Each structure stands twice: as structure tokens, then as C-alpha cells.
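A short worksheet on the structure shown next.
Keep in mind it's a predicted model, so treat the numbers as computed, not measured. Below, each value reflects all heavy atoms present in this structure, side chains not excepted, and no hydrogens, waters or symmetry copies. The residues of the chain are indexed from 1 along the displayed sequence.
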Amino acid sequence: MSSVLHKKTAGTPSQGEGGGARAGAPRKPPGSTARRRARAGWLFASPALLVIAAVTVFPVVFSLVLSFCEVRLEYGGLRFGSPTLAHYEALLTHPEWYRALAFTLGFTIVSVSIELVLGTLTALVLERLGAGRGWILALLLLPWALINVIAAQLWSYLFNGTYGAVSWLCEQMFGTQPDILGQPVPAMAAMVAVDVWKTTPFVAIVVLAGLMLIPGDVYEAAEIDGASAWTTFWKVTLPQLRPIVAIAVLFRILQAFGIFDLPFVLTQGGPGTATQSVAILGYRILFRNLDFGGGAAVAVTTAVIVLGCCLLFLRVFRAQVDEGGRA
């Protein structure tokens with residue numbers, strides 16, 4: 001009797017061995033499901049990737065090709081010549097390029113710095129507000145929501161030397177009616193002021209979102225330790241805001257360095273070339289002079305400078321974060 005039971009038990013597969021599966025059924029490789037999901041993900045993402053390639057990758061590659069070729073505009077279209085470095089040589093030896101680069105760098109540094117300070121202060125005030133915060137946020141977003149060309153046109157009326165409100169106010173206060181957009185230094189200051197007015201709300205909203213994510217326990221611990229408000233800001237709030245501030249600064253550097261519509265509407269790059277950005281310089285070379293290779297060289301060189309600045313900023317930011325973590 002025991003031998004018969006032993007044979008039946010031996011011939012029946014246990015649940016632990018087969019896991020309830022039929023004996024002899026093929027097992028799927030462990031990575032087959034992951035590969036199928038990856039293929040499905042690429043399939044679903046392919047339309048978006050094609051659109052990105054069409055509107056981003058192709059123009060970049062085409063600009064790079066244009067900058068290294070002799071390009072002539074003929075009746076049948078563009079005719080490409082032999083490869084050359086003449087466009088970059090002409091660009092890097094032209095003083096107008098360095099003037100445009102100096103203005104763009106100065107405009108970026110000054111405007112982004114002011115926006116960062118004012119945006120952070122605004123966010124700190126908004127964080128402590130209770131009732132009415134939504135209305136104030138809505139009012140703050142109005143300048144940022146305006147189209148850049150419309151905002152620039154609005155301020156061009158305000159800065160007009162004949163009937164502008166700002167010029168009239170200067171006349172009432174100082175007895176003179178200055179031509180703000182007709183002089184180099186006032187025109188630069190006016191452009192920075194307009195950019196700060198328009199984009200400070202963006203920085204304030206981003207920093208306010210970062211302030212909302214800081215846990216209240218951190219502030220309670222600082223209060224128990226007897227830290228003052230100033231010490232709490234520098235030792236608690238600001239280190240917690242570093243990633244958010246880095247994102248805001250990166251976005252603003254990219255936007256400010258490619259500034260085109262604001263100086264184009266306000267001053268056309270003038271007076272002279274005092275407010276001519278690298279974007280306006282590329283526009284003039286490409287569309288007014290029909291120098292496709294030279295305009296592409298301006299675009300490629302600008303992209304390389306922006307990429308280098310962003311990488312340097314990220315490296316410095318990462319080093320500060322690592323140092324703060326070790327401390």
C-alpha cells in the first residue's frame with residue numbers, strides 16, 4: 001500500500017515545482033516583456049519624435065551645414081559650394097559681432113540677476129499672504145502672459161520722446177524731456193527695465209512653488225534653535241531653493257541670450273548698434289544681406305556659447321550642492 005502511494009505521489013507534479021503550470025510548457029525569457037514594452041513605448045513616441053526631429057534637429061543640422069559651405073541664392077534656389085571656414089573667420093574678425101555679443105551678455109547678466117532678486121523677494125511675500133493671494137498671482141501673471149511684441153510696442157509708446165508717459169513724467173520731475181530710446185545708455189536701461197517688468201513674475205511663480213515644497217518641520221527646528229529670520233533664510237530656505245532657482249536661472253539665460261523681439265520693436269538695435277543683440281545681427285546678415293552662410297555661422301556660434309554657459313552654470317551649481325551636502 002505504501003509503495004502504491006509512493007508511486008502516485010512521485011508521478012504527480014507538485015505545486016511548488018511547476019507553480020500550477022502545465023508540465024513541459026515553454027517559459028518566456030525574463031527580458032522579453034521589458035523588450036516588448038520598450039518597443040511599444042518607442043512606437044507610441046515615434047510621432048512626437050518625428051515632429052521634434054522635423055522642427056528641432058533638422059534646422060540645427062541644416063544651419064550647421066550652411067555655416068560651413070559657400071551658399072549662393074540663385075533662381076532655382078540655394079546652391080551649395082565647397083566647404084569653407086570663411087564665414088567663421090569673417091564673423092570672429094568683425095567688430096560688430098563682439099559689440100553684439102557684449103550687449104547680449106551684459107543684458108543677460110543684468111536682467112537675470114535683477115529678476116532673480118525681485119522674483120525671490122516677491123515669492124517670499126506671497127508665501128506669507130493668506131487671503132487674496134490668488135488675485136495677486138493673477139495680476140502678477142498679466143505682464144508675463146503678454147506676447148513679447150505687444151509688450152514691447154506698449155513700452156515703446158511709454159518711452160516715446162514726444163508723447164510718452166515716461167518722458168512726460170521725467171519732464172515734470174526734472175524739468176527735461178529725455179529721448180530715452182535715442183541714447184545708448186538710457187536705451188539699454190529701458191530694455192532691461194522692460195524685460196524685468198515682464199519676466200520677474202515667471203521667476204516669482206517658480207520660486208513660490210519651491211517655497212511651498214519646503215517642509216514646515218525644518219522651520220520649526222530652526223525656530224527651536226533660536227535662529228533669526230535672516231539666518232533662517234540663508235541657512236534653511238535658500239539651500240532648499242537651490243534646485244528650483246537653478247531651473248529658473250537656466251530658463252531665463254536661454255530666453256535672455258536669444259532676445260530678439262524686444263530690441264527689434266523698441267530700438268531696431270539702435271541707436272546705431274548700441275542695443276543690437278546677436279539674434280538681431282544674425283537676422284540682418286541672413287535676411288537683409290542674404291548671406292545664408294554668415295547668418296548660420298552667427299546662429300551656430302551663439303548656440304555653442306549658450307551651451308557652454310549652461311554647462312558651466314550646472315557644474316558650479318552641482319559643486320555648491322555637493323559642498324552643502326558634505327557640510
Side-chain angles (χ1 to χ4, degrees), residues 94-122 136 139-205 248-249 251-285 287-288 298 302 305-306:
H94 203 290
E96 193 171 353
W97 157 254
Y98 292 100
R99 287 196 295 266
L101 182 61
F103 166 74
T104 307
L105 284 173
F107 172 81
T108 302
I109 293 172
V110 174
S111 61
V112 172
S113 300
I114 296 175
E115 290 159 10
L116 182 60
V117 174
L118 293 181
T120 303
L121 293 177
T122 305
I136 296 178
L139 292 175
L140 279 176
L141 288 176
L142 282 178
W144 184 54
L146 283 177
I147 300 173
N148 290 341
V149 175
I150 296 177
Q153 192 65 46
L154 170 65
W155 280 96
S156 68
Y157 292 135
L158 295 176
F159 286 132
N160 188 276
T162 304
Y163 53 81
V166 177
S167 299
W168 175 84
L169 186 62
C170 290
E171 184 180 13
Q172 298 300 316
M173 295 177 61
F174 307 109
T176 180
Q177 194 171 13
D179 185 10
I180 297 175
L181 299 179
Q183 303 175 29
V185 176
M188 295 178 190
M191 205 161 299
V192 170
V194 175
D195 190 71
V196 169
W197 169 81
K198 190 180 187 309
T199 54
T200 296
F202 167 76
V203 180
I205 296 300
V249 170
F251 270 100
R252 286 302 303 131
I253 288 176
L254 293 174
Q255 292 173 347
F257 207 91
I259 190 71
F260 174 82
D261 38 21
L262 188 60
F264 187 81
V265 174
L266 285 177
T267 61
Q268 292 285 319
T273 57
T275 59
Q276 178 177 249
S277 63
V278 291
I280 292 182
L281 177 63
Y283 163 79
R284 288 178 172 174
I285 294 175
F287 292 101
R288 293 188 179 180
V298 172
T302 304
I305 293 174
V306 172

Is it true that, when you exclude Y98 itself, more than 12 heavy atoms of the residues, nucleotides or ligands shown sit nearer than 6.0 Å to its OH? yes
side-chain contact (heavy atoms from CB on, under 4.5 Å) assessment of T104 paired with I305: CA-CA 11 Å; T104 307; I305 293 174; over 6 Å; no
What residue pairs, at least two apart or across chains, pass ring-ring contact (aromatic ring centres under 6.0 Å, His included) with a residue in residues 170-191? none
Which value, rounded to the nearest 0.5 Å, describes the distance between C170 atom SG and D179 atom CG? 11.5 Å
Kindly write out the residues that satisfy side chain to side chain contact (heavy atoms under 4.5 Å, CB included) with I114, not counting sequence neighbours, or none if the list is empty. V110, L118, V192, V196
Could you give all pairs that pass the side chain to side chain donor-acceptor pair (under 3.5 Å) test and reach residues 105-118, with sequence neighbours left out? E115-T199, E115-R252
Check: L140 and I205 side chains under 4.5 Å, non-hydrogen atoms: no
Donor-acceptor pairs under 3.5 Å, side chain of residues 142-153 to any protein atom, not counting sequence neighbours: which ones?
| from | atom 1 | to | atom 2 | distance (Å) |
| --- | --- | --- | --- | --- |
| N148 | OD1 | K198 | NZ | 3.0 |
| N148 | ND2 | D261 | OD2 | 3.1 |
| Q153 | NE2 | S156 | OG | 3.4 |

Could you work out, with side chain to side chain contact (heavy atoms under 4.5 Å, CB included) as the rule, every residue matching L169, not counting sequence neighbours? M173
Spacing of T200 atom OG1 and D195 atom CG [to the nearest 0.5 Å]: 8.0 Å
Identify, with sequence neighbours excluded, every residue that meets side chain to side chain contact (heavy atoms under 4.5 Å, CB included) alongside A100. Q276, V278, L281
For W168, check ring pair (Phe, Tyr, Trp, His ring centres under 6.0 Å) against everything at least two apart and list the hits. none
Nearest-0.5 Å distance, CZ of residue F257 to CG of residue L105: 4.5 Å
Applying side chain to side chain donor-acceptor pair (under 3.5 Å) to Q183 and not counting sequence neighbours gives none
For E171, check side chain to side chain donor-acceptor pair (under 3.5 Å) against everything at least two apart and list the hits. none
Those residues that, when tested against T275, pass side chain to side chain donor-acceptor pair (under 3.5 Å) (two or more places apart): T267
Interatomic spacing from CD1 in I280 to CD1 in I285 - rounded to 0.5 Å: 12.5 Å
Got a second to check how far F107's CZ is from I259's CD1, nearest 0.5 Å? 4.5 Å
Which residues pass the side chain to side chain contact (heavy atoms under 4.5 Å, CB included) test with A279, not counting sequence neighbours? F260, S277
Rounding to 0.5 Å, atoms CH2 (W197) and CH2 (W155) come to a distance of 6.5 Å
